[in-house]
Amino acid sequence: MKQPINGFSKLPKEEKINWLATHYFTNKEEGITILKSYWNSDKKLQQLHDEFIENTITNFYLPQGIAPNFLINGSLLSIPMAIEESSVVAAASNAAKFWLTRGGFHAEVRSTIKIGQVHFIFNGSKSVLSSFFNEKKAIFLKESEPITRNMQKRGGGILDIELIDKTDQMSGYYQLHCSFETLDAMGANFINSCLEQFAKTLKKEALSYPLFNDKEKNIEVIMSILSNYVPECLVKVWVECPVEKLFNDSEKSLDFARRFVTAVNIAKIEPYRAVTHNKGIMNGIDAVVIATGNDFRAIEAGVHAYASKNGRYKSLSHAEITNGIFKFSMELPLALGTVGGLTKLHPLVQLNLDMLGNPGAKQLMKIVAVAGLAQNFAALRSLTTSGIQEGHMKMHLGNILNQLEATSEERKQVETHFSSNTITHSAVTDFINQLRNN
Ligand code: MEV
């Protein structure tokens with residue numbers, strides 16, 4: 001019978017592993033060897049990773065690839081991508097190469113406003129609460145100055161605080177809805193610290209406000225937290241060229257453009273397709289977000305919420321043919337940082353930012369969004385022409401061969417055979433078994 005454990009987090013790493021292996025591994029020694037094989041031999045580097053989180057027992061590796069040849073607003077970049085899915089880096093690289101000779105990618109940041117809220121319950125007169133807020137607004141700003149001073153010096157800080165009445169949806173529910181400019185920081189710590197200070201000021205000032213009765217003086221703060229929905233932290237990216245420049249053959253070009261636009265339009269009206277369409281975009285986005293030490297869960301949450309901002313989930317990207325010009329574009333929210341958090345702590349993240357030219361947050365927003373658009377272009381290009389499986393399975397073949405522990409002679413024969421036959425897991429397994437039986 002398994003027993004719960006107390007004080008697990010206090011145990012040294014070796015003891016944590018030993019306990020885990022004793023109680024939860026089928027093969028204790030083998031399991032421990034696997035865990036340790038992922039430890040870094042550089043003890044300092046390993047310690048750095050151990051301390052990122054609680055109860056670290058090993059590292060979970062993702063491969064990092066590079067997608068070169070990205071022309072973005074006239075500058076050539078090689079983009080680092082950390083991802084396990086076999087075809088993503090190849091697809092991004094293909095799209096980069098395709099657009100390299102057709103004007104490259106264009107990108108512009110539309111806005112960089114971030115949001116946080118203090119959610120509270122106030123049971124009393126709305127108009128008195130509103131007067132209280134208007135009278136005290138300057139105190140909220142003043143009392144948060146120790147937190148905002150540095151950010152303000154650099155040109156950022158609190159943009160506004162609004163009182164929002166939500167009582168039509170929940171009895172007594174109000175918010176301080178606050179907007180921030182956090183410059184090159186993702187800003188989560190800054191925003192949350194400001195919000196927690198606002199909450200303190202709110203409670204304190206309410207207690208001594210003479211126009212509140214005793215019940216009104218006791219404002220109940222439920223929580224203070226930033227929002228990962230950032231519809232005003234937007235970047236727009238696009239590619240465009242005359243339709244006849246898409247391919248050498250003008251009929252093929254027109255047919256491609258027409259089918260491509262139709263595919264995007266399907267993802268605008270059909271949620272089942274839109275989710276997969278946007279997943280393809282996130283293949284590119286997450287890979288760069290991870291490689292640059294940003295929070296991919298925050299990005300995912302914000303992007304998918306934005307995709308349903310009008311009440312129905314739909315494609316983030318748009319495609320059109322206007323006056324003979326094919327244009328493929330996307331606007332999406334990305335709250336990213338290039339200072340603070342992992343960006344300074346993780347040597348590989350630092351190197352990745354260095355290879356991108358040490359971008360500020362706005363430049364990183366452009367790069368990440370371009371990777372998403374490139375990925376979407378590559379996916380739609382295959383889907384509307386050869387189908388996705390041809391490329392996918394070619395990339396996946398290596399994984400299957402590794403799984404089967406194929407020798408280099410077997411690999412050669414597999415490559416020859418499957419250059420003209422459909423790759424499936426079972427077809428490759430059968431083929432290898434046949435070779436081995438002969
Ligand atoms: C696979 O990871 C992503 C795609 O399904 C995206 C799409 O269908 O557009 C290929």
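Each residue takes its place number in the sequence, starting with 1.
- Using a cut-off of 4.0 Å between Lys/Arg side-chain N and Asp/Glu carboxylate O, Glu300 and Lys279 are scored as not salt-bridged.
- Using a 3.5 Å distance cut-off with no hydrogens or angles, the side chains of Asp165 and Gln175 do not pair a donor with an acceptor.
- A salt bridge is absent between Asp42 and Lys44; no separation between the charged side-chain nitrogens and carboxylate oxygens falls under 4.0 Å.
- Side-chain contact, Lys268 with His318: a donor N or O sits under 3.5 Å from an acceptor N or O.
- Phe52 and His49 have perpendicular rings, their planes meeting at more than 60° on a 0 to 90° scale where under 30° would count as parallel.
- In this structure, the ring of Phe247 has its center less than 6.0 angstrom from the ring center of Phe98.
- A donor-acceptor distance shorter than 3.5 angstrom exists from the side chain of Gln350 to the backbone of Lys344, with no hydrogens or angles considered.
- With respect to the salt-bridge test (charged N to carboxylate O, under 4.0 angstrom), the residues Asp255 and Lys252 do not qualify.
- Between Ile113 and Val230 there is no side-chain heavy-atom pair separated by less than 4.5 Å.
- Look at Arg312 and Glu270 and you find no salt bridge, because none of the NZ, NE, NH1 or NH2 atoms lies under 4.0 Å from a carboxylate O.
- Residues Phe70 and Ser78 fail the side-chain proximity criterion, which asks for heavy atoms closer than 4.5 Å.
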Stepwise side chain to side chain donor-acceptor pair (under 3.5 Å) test for Gln117 and Ser224: CA-CA 6 Å; Gln117 296 166 323; Ser224 310; over 6 Å; no
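- Between the side chains of Gln434 and Asp430, no donor-acceptor pair of N or O atoms lies under 3.5 Å.
- Applying the side-chain hydrogen bond (donor to acceptor under 3.5 Å, both in side chains) test to Lys97 and every residue at least two apart in sequence or in another chain returns nothing.
- Taking 4.5 Å as the limit, every side-chain heavy atom of Thr201 sits out of range of all side-chain heavy atoms of Lys136.
- Taking the six-membered ring where the residue is Trp, the centroids of Tyr38 and Phe60 are separated by 6.0 Å or more.
- A donor and an acceptor atom, one from each side chain of Glu244 and Ser250, are nowhere located under 3.5 Å apart.
- For Leu364 against Pro359, the heavy-atom pair with the smallest separation is N-CB, 3.9 Å.
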Derivation of the side chain to side chain contact (heavy atoms under 4.5 Å, CB included) call for Ile432 and Leu401: CA-CA 9 Å; Ile432 292 263; Leu401 292 174; 4.0 Å; yes
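- Of the charged side-chain nitrogens involved, at least one lies within less than 4.0 Å of a carboxylate oxygen, so that Glu331 and Arg110 count as a salt-bridged pair.
- Stacking of Lys137 on the aromatic ring of Phe140 is not recorded, the 6.0 Å distance cut-off and the 45° axial limit not both being met.
- Here the options are Trp99, Trp238, Phe105, the test is ring pair (Phe, Tyr, Trp, His ring centres under 6.0 Å), and the partner is Phe377; only Trp99 passes.
- Counted by atom type alone, His304 and Asn278 present zero donor-acceptor pairs between their side chains at under 3.5 Å.
- A centroid separation of 6.0 Å or more is found between the aromatic rings of Phe120 and Tyr173.
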